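To keep things clear, I will list the structure first and then write my remarks on it.
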Amino acid sequence: MSKSDDFILETRGLTKEFKGFTAVSEVDLRIRRHTIHALIGPNGAGKTTVFNLLTKFLIPTRGSIAFNGRDITNAKPAEISRMGVVRSFQISAVFPHMTARENVRVALQRKLGTSFHFWRSEKTLHKLNDRADELLGMVGLERFCEAMVGDLPYGRKRALEIATTLALEPEMMLLDEPTQGMGREDVELITQLIRKVSKNRTILMVEHNLGVVSTLCDQITVLQRGAVLTEGTYAEVSADPRVKEAYMGKAA
Amino acid sequence: MNKFLGYLIVLALALAAPLVIYPVFLMKLLCFALFASAFNLILGYGGLLSFGHAAFFGGAAYISGHALKVWGLPTELGILVGALSAGVLGLAIGTLAIRRQGIYFAMITLAMAQMAYFVFISSPFTGGENGLQGVPRGTALGLIDLTNDRAMYYFVLAICLAGFLLIARAVHSPFGQVLSAIRDNEDRARSLGYDIERYKLLAFVLSATLAGLAGATKTVVFQLASLTDAHWHMSGEVVLMTLLGGLGTIAGPAVGAGIIVTLQNYLASGPLAAWVPVVLGVIFVTCVLSFRRGVVGELREFLRRSF
Amino acid sequence: MSDVIENHDIGGQHVSEHIEELRIQDLHAFYGESHALHGIDMKVYQGELVTLLGRNGSGRTTTLRSIMGLIGHRTGSIMLKGEEVIHATPHSIAHLGVGYCPEERGIFSRLSVEENLMLPPRVADGGMAVEELYEMFPNLAERRRSQGTRLSGGEQQMLAMARILRTGANILLLDEITEGLAPVIVDKLAEVLIELKTRGYTVVLVEQNFRFAAPLADRHFVMDHGKIVATIKADELESKQHIFDQYLSV
Amino acid sequence: EISDGVVKIGLLTDMSGTYSDVAGPGTITAAEMAIEEFGGTVAGAPIELVSADHQNKADISANKARQWGDTEQVDAFAELVTTSVAMAVFEVAKQQNKIALVSGAASSPLTNDACIPTGLHWTYNTRALGVGTGSAVVAEGGDSWFFLTADYAFGEALQNDVSKVVEAAGGKVLGSVKHPFPASDFSSFMLQAQASGAKVIGLANAGGDTINAIKAAKEFGIVEAGQKIAGLLVFLSDVHALGLDTAQGLQMTVSFYWDMNDETREWSRRFFEKTGKMPTGIQAGTYSSVRHYLKAIEATGSDDTDTVVAKMREMPVEDMFAHGGVLRTDGRMVHDMYLAEVKSPADSSGPWDYLKIVRTIPGEEAFGPLSESTCPTK
Amino acid sequence: MLTDLLGFPPQVLFGQLLLGLINGAFYAVLSLGLAVIFGLLNIVNFAHGALYMLGAFATLGLTQYLGIGYWGALIFAPLIVGAIGVGLERVLLRRLSGIDHLYGLLLTFGLALVIEGTFVKLFGASGIPYPTPEALQGGVNLGFMFLPFYRGWVVVASLAVCVATWYLFERTKIGAYLRAGTENPRLLQAFGVNVPLLTTLAYGYGVALAAFAGVLAAPITQVNPLMGSNLIIVVFAVVVIGGMGSIMGAVVTGLSMGIIEGLTKVFWPEASSTVIFVVMAIVLVLRPAGLFGKPA
Ligand SMILES: Nc1ncnc2c1ncn2[C@@H]1O[C@H](COP(=O)(O)OP(=O)(O)OP(=O)(O)O)[C@@H](O)[C@H]1O
Ligand SMILES: Nc1ncnc2c1ncn2[C@@H]1O[C@H](COP(=O)(O)OP(=O)(O)OP(=O)(O)O)[C@@H](O)[C@H]1O
Ligand SMILES: [Mg+2]
Ligand SMILES: [Mg+2]
């Protein structure tokens, strides 16, 4: 298998219609292994919908999705997560009534295979604490291991979410606007973090912050009105007048 | 260490209690405490309000009653059969209900329980409105005569303690962790690869089985299973017990059950006899308005604040 | 900061801008037992656009929510158009002509896009016409019959903004309105805000996107740990860069 | 010879539910009136009455009775309205060897398959009700019947007993419909009864169900259209609730009516002074059963269960409720019953003047011979 | 012959359908009130049955003590009970805003116990008769059944109330406020809508609807302290089948459940009190948000 066509995820003719409204139409997406791939486009272009299709939160009207050459069009959310595809949410997704450590541990715990064991002590999970703290350290949350997550500020919750996602050691991560709602310093932190964790991983992200996109992403797909407008590197895409007009405006 | 001491004191009290207090009353209290704790497993820790738990409590009561009276099974086995069949019923109802949330979950469980009630009221083996009377208490382990109230008490205490321990363990187990994660944020738990329906279902079945254990034990104590046990008022009562004691606390439901059972028992023969529903109503209203965390929850909060 | 503010200080063109639209004194706010604002003092004049800057959790949203009367426990003084509103209910505050665009957008899922747009009662004359708004946000026009929460993240943001422009409110409290919007739309929003300023609206903007806020604002309030730690006028941006560095970076 | 130095009677009744009017607080008053007659002491020991609300629930009753027996030295249980309660208390009484004086529950199985040696069924039973109303109605030409039956044991027992009587008298039962208990709307069942073409619609239910059924019959013009309603268990308080306008002409079998003779009038007047209501059969029966129980203790000087029960059987029941009443070995207290008809508003002189006694049904006829009883310990 | 086929004359079937419709009219008005209250307060109003009973007692009281007859009661009883509802909301329910609706359910459950218990204590459990208004006495023979005029009036009056309510909630601005208020009352208030007042009025209105049903019921059933206690759970099921908070759902489901129940009474009478729950379970499995509910 040659390097160039080693695509970890491929979609063919992916389409989603909502009651006569086509949110995603005939999208052929090919994501190369071990790259950071961005999905950008105007509001309502269908980025989140594509995400939901890939992660099985929505069922495609037509088209197919293959992960590592396997057809996953009809898989369930939990299944693809176990296959190694993990997503983050546009609105922060944490377990607010648990501590940060417990949040991460819930993700680590699955691999132990004891999650149905209601007769076993919780202490059997303590052996995961070191790994959990290490992950929290990676996202700059070492001081918050014991904190109740509900009380953390927004940016911290996003960071925690990434730590939790990493705990699953996913082969592929899907990040929906990972820097949304963050201050400059947090954006910086997350950008570095994504770069750090992208080693040996494939990342697909939706992002409106072009600064982040330009520094991080190897490949960019631009969606407009549900269809692919163009694809290429940041330089290629941002030079395209159609992209400027439809999406970037003065920013480019 | 302190906690351990606390448990020891409670245990000692439980062992000594029948010397002072009427044992049958204590047994009733224990059974309801177990029932409420089982219910708390699904509401307090699973975040699912079941409004049909009476079906498990009452169903197990009837089945173990039948097993003991008609089939003549030994007492332990009869209780076990009752509890397990409640578990099976829980599996059936749970499979249907578990995909729904909030008020819809409550309503589906209520609907299924009403159907179960219909079955109970119309099957000949339950004795309909008259109930299943004269269930033999039998012996424990074939040795100890359970017609003696004291002996029966220790037998019930052992069963209920086992039940409480199982619940306490389940809450603080790997499974319990996943369960509280699911309660906090279902979508996230699913995206981490957990098949949340199966976790909820397991919790539901556990809760149903333990509720059944309570119902079956109660049948043996009173030698009687009746429609009261399966009526929707019972489902309501167990919610009230749990809330009054403190939702999502280990001791809360037991305390709540204790308060309600005691009240019902003592009000019924006092001057307030005709006012029982009114008095209970007033208690619930005040409880909801002024100490929502429940007795145990408020106590814990008070201790937390003052120390 | 001196109490006498010269005309040029506040970036407006009219003398009327000396009118205090909003004055906050020693504002404290609490979430349950947790103390979120520790004594805020600020003034905003009519026709002015100010920003609240700060890190995540520094209390900017809480400040807006306090002004709106949405925080149960608050003390101090908040004067809106000369009226004390610290004890007022949110709906009476709104009727003073205040429009609020919340951080979480708050689109009503049981209402269609159009119903969402038409929902807030008019609180004063001079709101924008619906057609004008649809022109401004064509996405909304296209999806007007959709259920509100079926919109994409960005579309919801547009709807949240559009809906308060219709009511005639002339004090706008805007919380992170560029969040999740495509750069082209952000550009458009900047134009809108400039237009609003010329119409004499008073705007308090909470923003992360400094690139967006800097050219629009007359003054910046920098917040940290529930306090205002610095006030920076538009023309001092460069000279006071160190303050930004201190409070906004790591 | 009196155990624990006190004679204690535990009265279990429905204090707030469906039966609180026909039984309820009034039965406590009635029992107290019986105790007062003894001046509060019997055989030198004080008489004590404790009471509790059983909420019509078998489990609550069993629990309470057991506790009374175990911890409060209660010697006899009284009243016990509704069949399930009576049966549950029978179970306890059997184990603890205590006396159960049933005046509220109606099912005839209490002295048949479900009987216990110390369970005494006082006021009436479903058979007696059937004999009274059933045979009277058939005799008047109502020879085809359709039943509206409460869907529980009591309703079934009532329907069975009445059916037997009707068929024995040459009538036919065309069908029946079981309705949920309790039910609020009877129009639909009435329509089915109407469609059956039966001459008589028998109401095998009680309390609120009977009241609502009778109202529905009136509303839908059932009686005008030529069918007759037979209320099989109707109490004075039900008539009071229905009003004479609706209830007039209704035939019913009663164990007691306040306005039968001077004795009943005198007692009922005293009862009325205490409660503001005229007594029902259950309330009068409670008085009678408690009084007879105390008389037996007085006579034997003992409160030992077996001694007392034997004495109670030996002595005839003589009071304003029953004359020459006989307590049989199956537990049945055999006394006269009465067939009554509800007066028209014009015939009534005012509140509580509701019934006209049409016929006295001799005890043997009402309750059947002992040989018919299927009680194994008779 | 149809009779042979069905096992009973077809007239019975028509009769039962009509009766079902009449019962359905009660369910519709009661569940409408519940739906309104759930819609805006997010409270499962367990006291609804007790308030329905209060409506009937108010009718009785008005007649006995003030000499106001049925027609006056039709207006005043809902007003009086509605005012009681307003009081309950102001004093008690208000304090539960913003917390889990479980607590609302509990509080109203407690209230129902208190109200019903008190009335049983005061008036006994067997109920007090209330005469059918003179103008509506008698009935008409429809051929397949005798229709009392009063029952016909019940259907007409209920439908009128239902249509008016539906219009109010789905076609006016108030309706939009109510729906928005269900979701995010704080924000709606921040837009300038007096939400506390809206909430109070909505509760009062829902309660008044219950009382209205109580007035309609008074001449049919007894005026009985427990008349609402068993009805509530059925009405509750009706609301869920229709879709919690859906006005249209409450009305349509109320009527159709009445009819289904009527049919069951012909084919399998013992099951008539259970059939609604069977329908509910089926509906919820197939359409989780109820027939007319919008999925969240
Ligand atoms: N469940 C749904 N029903 C109907 N329309 C929907 C639904 N979900 C999304 N849409 C529509 O599909 C389009 C694409 O939405 P999507 O959320 O994928 O956009 P997006 O590219 O993520 O935009 P943004 O950058 O604003 O988040 C939008 O116009 C949206 O209104
Ligand atoms: N509902 C709440 N309950 C408890 N604490 C809260 C709540 N909302 C905010 N806080 C706390 O109040 C403080 C100020 O929060 P606020 O939301 O005002 O910050 P912000 O500056 O708007 O930040 P962000 O960028 O996260 O929106 C934070 O410490 C936050 O954790
Ligand atoms: Mg999106
Ligand atoms: Mg904020």
Side-chain angles (χ1 to χ4, degrees), chain B residues 43 47-49 51-52 93 95-122 128 231-233 235-237 239-240 242-244 247 272-290 292-294, chain E residues 38 42 44 46-47 50 88 91-96 99-121 229-230 233-234 236-237 239-241 243-245 268 270-271 273-285 287-290 293 296:
Chain B
L43 176 60
L48 291 168
L49 170 61
F51 220 90
I93 294 182
T95 310
L96 274 173
I98 218 79
R99 274 160 219 288
R100 311 280 168 259
Q101 278 140 35
I103 210 78
Y104 289 101
F105 178 83
M107 292 318 292
I108 288 214
T109 45
L110 172 64
M112 307 299 283
Q114 285 300 105
M115 287 186 238
Y117 184 78
F118 176 66
V119 171
F120 296 142
I121 207 171
S122 43
H231 196 265
W232 67 268
H233 277 171
S235 299
E237 229 162 67
V239 183
L240 301 173
T242 310
L243 270 151
L244 180 61
L247 201 63
L272 285 174
W275 293 99
V276 172
V278 180
V279 172
L280 286 183
V282 169
I283 290 173
F284 296 131
V285 170
T286 15
C287 171
V288 170
L289 288 178
S290 355
R292 209 163 291 143
R293 275 184 271 251
Chain E
F38 181 80
N42 248 326
V44 177
F46 238 103
L88 288 178
V91 180
L92 302 175
L93 294 172
R94 161 101 3 131
R95 299 171 44 186
L96 298 183
I99 63 172
D100 200 323
H101 24 259
L102 196 58
Y103 293 101
L105 190 150
L106 249 190
L107 182 82
T108 49
F109 189 93
L111 278 178
L113 287 178
V114 173
I115 298 174
E116 286 176 349
T118 311
F119 272 72
V120 167
K121 187 69 198 155
S229 73
N230 281 304
I233 190 142
V234 173
F236 206 4
V239 176
V240 172
I241 297 171
M244 305 276 327
W268 193 10
E270 300 94 318
S273 60
T274 312
V275 66
I276 289 184
F277 297 98
V278 177
V279 174
M280 175 167 115
I282 296 171
V283 166
L284 286 190
V285 167
R287 274 192 69 100

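Residue numbers begin at 1 in each chain, while the letters A, B, ... track the order of the sequences. As the structure is a prediction and not an experimental result, all values here were calculated from the model.
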Heavy-atom proximity to chain B below 4.5 Å, by part of E/Thr274:
side chain
Do B/Val285 and E/Leu113 make a side-chain contact, defined as non-hydrogen atoms from C-beta onward lying under 4.5 Å apart?
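No; the side chains remain at least 4.5 Å from each other.
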Heavy-atom side-chain contact between B/Leu48 and B/Ile98 under 4.5 Å:
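Contact flag for B/Leu48/B/Ile98 side chains = yes.
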Under 4.5 Å from any heavy atom of chain E, what part of [X] do you find: side chain, backbone, both or neither?
{"X": "B/Arg292", "answer": "both"}
{"X": "B/Ile108", "answer": "both"}
{"X": "B/Phe51", "answer": "side chain"}

Value for CG (E/Leu111) from CD (E/Glu116), rounded to nearest 0.5 Å, stands at 11.0 Å
E/Ile115 CD1 to E/Ser229 OG distance, which is reported to the nearest 0.5 Å:
12.5 Å
Expected output: side-chain B/Thr242 to main-chain B/Leu247 donor-acceptor under 3.5 Å
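Not at all, since once roles are kept as given, no pair shorter than 3.5 Å links the two residues.
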Say whether, by atom type as modelled, one donor and one acceptor occur between the side chain of B/Thr109 and the main chain of B/Ala106 under 3.5 angstrom.
yes
Of all the residues in residues 110-118 of chain B, which have a heavy atom that comes within less than 4.5 Å of a heavy atom in chain E?
B/Leu110, B/Ala111, B/Met112, B/Gln114, B/Met115, B/Phe118
Ignoring hydrogens and angles, write down the donor-acceptor pairs under 3.5 Å from the side chains of residues 103-110 of chain E, residues two or more places apart or on other chains.
from, atom 1, to, atom 2, distance (Å)
E/Thr108, OG1, E/Val44, O, 3.2
E/Thr108, OG1, E/Phe46, N, 3.0
E/Thr108, OG1, E/Gly104, O, 2.8
E/Thr108, OG1, E/Leu105, O, 3.0

Of all of B/Ile121, B/Leu96, B/Leu243, B/Val282, which one pairs up most often with chain E through heavy atoms under 4.5 Å apart?
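The residue among B/Ile121, B/Leu96, B/Leu243, B/Val282 with the greatest pair count is B/Leu243.
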Write down the atom of B/Leu244, the atom of B/Cys287, and the distance for their closest heavy-atom approach.
CD1-SG, 3.5 Å
